[in-house]
Each structure stands twice: as structure tokens, then as C-alpha cells.
Amino acid sequence: MVALVSQENMVALVSRTGRHLQRYYKGRRQVVGCIPYRYSEEARELEVLVISSQKSDRMLFPKGGWEMDESITEAASRETVEEAGVRGIIERELGKWSFKSKTHDTYYDGYMFPLLVREQLDFWPEKKFRQRKWMSVQEAREVCQHWWMKEALDKFVSRLT
């Protein structure tokens with residue numbers, strides 16, 4: 001028996017690695033990320049998805065390098081699938097933040113987008129390395145390790161109200 005599977009439902013189970021294709025602007029690495037969200041019918045509130053850092057149990061939103069062969073939204077979508085295992089609709093950019101890396105002695109430009117989650121995958125490239133958790137906006141604000149991601153979350157919430 002042969003089964004046909006649509007490629008749109010396929011996910012590469014390997015994350016892109018290395019920085020040779022990464023975008024830089026004026027010496028700053030360009031990173032993109034998403035705030036995955038849904039409306040919980042049970043809790044009747046907005047929920048956002050946070051993930052654990054690969055290096056610790058601290059929580060953040062999915063983000064990573066914007067590569068030369070992709071648009072900014074393609075990069076945001078790819079990073080969200082790789083790190084959080086969700087897909088959905090990317091909405092209008094929340095903004096750009098400049099920050100200094102805590103682990104590398106360099107500055108980055110970070111762009112964030114809301115992503116309305118339409119599909120949560122059982123298997124994704126970084127499943128073995130990360131935890132993911134749905135939580136309220138207030139909980140996410142408390143646990144998120146990056147100030148600039150908290151600002152992006154605040155901007156997203158104010159856009160909705």
C-alpha cells in the first residue's frame with residue numbers, strides 16, 4: 001500500500017545550524033521571533049506559548065537568526081516551528097529592538113511578530129531540547145527572561161485592546 005502525504009504537513013526534523021548564512025546589519029546579528037498565541041475557550045483568555053532556553057530552564061519566546069535565503073516572515077515562521085513546534089498565521093510586525101547578547105559580546109537587532117497558532121505539532125526539530133508551555137500573558141511576562149520580548153508582548157497586548 002502506498003500513502004500520499006501532502007508536503008505542506010511535513011516538517012524537517014533538523015534545525016538549521018551555523019551562522020554562515022545569517023544576516024548582519026552594521027555588525028549587528030539580525031534575529032526574528034514570534035509570540036505564538038491562541039484564545040483559550042476553557043479559560044476564556046488569551047494564552048501565549050513560551051519555550052525553555054536550550055541552555056537553562058528559563059523561558060522565552062521562539063527566536064533565532066534571519067538567514068540570507070529567506071524573508072523576515074519565513075525566518076520567524078521557521079524558528080517558531082523549529083523551537084516551539086507550532087505553525088500559524090504571522091501577523092503585522094510588533095517592532096525592532098536592539099539588545100546586547102548575554103552570552104556573546106555583541107549587539108543584535110530583534111524583530112518580533114504575533115503568530116496565531118493553527119497547528120501544534122507532536123514532533124518538531126528541538127523537541128528533545130526544549131519544553132513548551134501555554135500560559136496567560138501575565139504569567140509569560142513574569143517568566144520571560146528577555147526585557148525586549150516583554151516589551152514586544154506588551155505591544156502585542158495593547159494592539160489587541
Side-chain angles (χ1 to χ4, degrees), residues 3-24 29-43 45-91 94 97 99-106 108-150 152-153 156:
L4 297 177
V5 178
S6 169
Q7 284 190 334
E8 73 182 37
N9 292 324
M10 301 294 287
V11 173
L13 290 178
V14 178
S15 293
R16 285 187 170 193
T17 58
R19 297 212 169 146
H20 62 285
L21 290 178
Q22 299 283 298
R23 288 181 192 250
Y24 288 83
R29 183 170 174 232
Q30 305 294 289
V31 297
V32 296
C34 286
I35 298 175
Y37 76 96
R38 68 182 182 190
Y39 294 99
S40 168
E41 291 181 26
E42 299 157 10
E45 70 176 350
L46 177 71
E47 292 182 321
V48 293
L49 184 67
V50 294
I51 59 170
S52 61
S53 165
Q54 278 192 322
K55 300 174 181 117
S56 71
D57 289 334
R58 296 188 309 178
M59 305 301 274
L60 65 153
F61 293 110
K63 65 109 179 94
W66 175 11
E67 298 190 358
M68 302 294 276
D69 64 343
E70 57 193 355
S71 71
I72 194 168
T73 55
E74 288 170 337
S77 180
R78 175 184 50 78
E79 286 294 339
T80 303
V81 168
E82 287 178 358
E83 295 184 354
V86 293
R87 285 194 262 211
I89 300 166
I90 292 185
E91 298 172 355
L94 292 165
W97 288 264
F99 60 95
K100 187 172 184 180
S101 169
K102 291 180 180 178
T103 54
H104 302 94
D105 191 30
T106 186
Y108 290 22
D109 289 332
Y111 301 84
M112 293 294 288
F113 297 84
L115 180 132
L116 177 58
V117 173
R118 293 293 191 210
E119 182 180 11
Q120 186 166 310
L121 305 170
D122 293 328
F123 301 99
W124 68 96
E126 297 185 18
K127 180 178 181 170
K128 291 182 180 179
F129 310 111
R130 297 184 188 272
Q131 300 295 314
R132 66 181 177 190
K133 184 176 181 184
W134 287 101
M135 59 181 58
S136 72
V137 168
Q138 184 57 41
E139 289 172 308
R141 237 196 150 284
E142 291 170 12
V143 302
C144 184
Q145 70 180 15
H146 297 302
W147 65 266
W148 63 278
M149 288 185 173
K150 290 179 185 186
L153 180 59
F156 171 57

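Because the structure is a prediction, the values reported are computed rather than measured.
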Side-chain contact, heavy-atom cut-off 4.5 Å: [X] with [Y]?
{"X": "S52", "Y": "M59", "value": "yes"}
{"X": "V32", "Y": "Q30", "value": "no"}
{"X": "F156", "Y": "L46", "value": "yes"}
{"X": "L115", "Y": "Y37", "value": "no"}
{"X": "M68", "Y": "R23", "value": "yes"}
{"X": "V117", "Y": "L49", "value": "no"}
{"X": "E79", "Y": "K63", "value": "no"}
{"X": "R130", "Y": "Q54", "value": "yes"}

Just verifying a value: how many Å separate [X] [atom1] and [Y] [atom2], rounded to the nearest 0.5 Å?
{"X": "E70", "Y": "L21", "atom1": "CD", "atom2": "CG", "answer": "9.0 Å"}
{"X": "C34", "Y": "L116", "atom1": "SG", "atom2": "CG", "answer": "11.5 Å"}
{"X": "R78", "Y": "E83", "atom1": "CZ", "atom2": "CD", "answer": "9.0 Å"}
{"X": "M135", "Y": "E45", "atom1": "CE", "atom2": "CD", "answer": "11.5 Å"}
{"X": "Q22", "Y": "E67", "atom1": "CD", "atom2": "CD", "answer": "5.0 Å"}
{"X": "L60", "Y": "H146", "atom1": "CG", "atom2": "NE2", "answer": "5.0 Å"}

field: E74, CD: over 12 other non-hydrogen atoms inside 6.0 angstrom
entry: yes

Please name the pair of heavy atoms, one in [X] and one in [Y], separated by the smallest distance, quoted to 0.1 Å.
{"X": "G65", "Y": "A75", "result": "O-CB, 4.4 Å"}
{"X": "T106", "Y": "Y108", "result": "CG2-CE1, 3.1 Å"}
{"X": "V81", "Y": "V86", "result": "CG2-O, 3.4 Å"}
{"X": "G64", "Y": "R29", "result": "C-NH2, 4.4 Å"}
{"X": "C144", "Y": "M149", "result": "SG-CB, 3.6 Å"}
{"X": "S136", "Y": "V48", "result": "O-CG2, 4.1 Å"}

Is it the case that the side chain of [X] and the backbone of [Y] share a donor-acceptor pair, with hydrogens and angles ignored and the cut-off at 3.5 Å?
{"X": "R132", "Y": "A84", "result": "yes"}
{"X": "S77", "Y": "T73", "result": "no"}
{"X": "E82", "Y": "E126", "result": "no"}

- request: Go through the structure and list residues passing ring pair (Phe, Tyr, Trp, His ring centres under 6.0 Å) with F113, not counting sequence neighbours.
  value: none

query: Which word best sums up how the rings of W148 and F99 line up, parallel for under 30°, tilted for 30 to 60°, or perpendicular for over 60°?
result: parallel

- request: Evaluate side-chain contact (heavy atoms from CB on, under 4.5 Å) for V50 paired with F61, printing each intermediate quantity in order.
  value: CA-CA 5 Å; V50 294; F61 293 110; 3.7 Å; yes

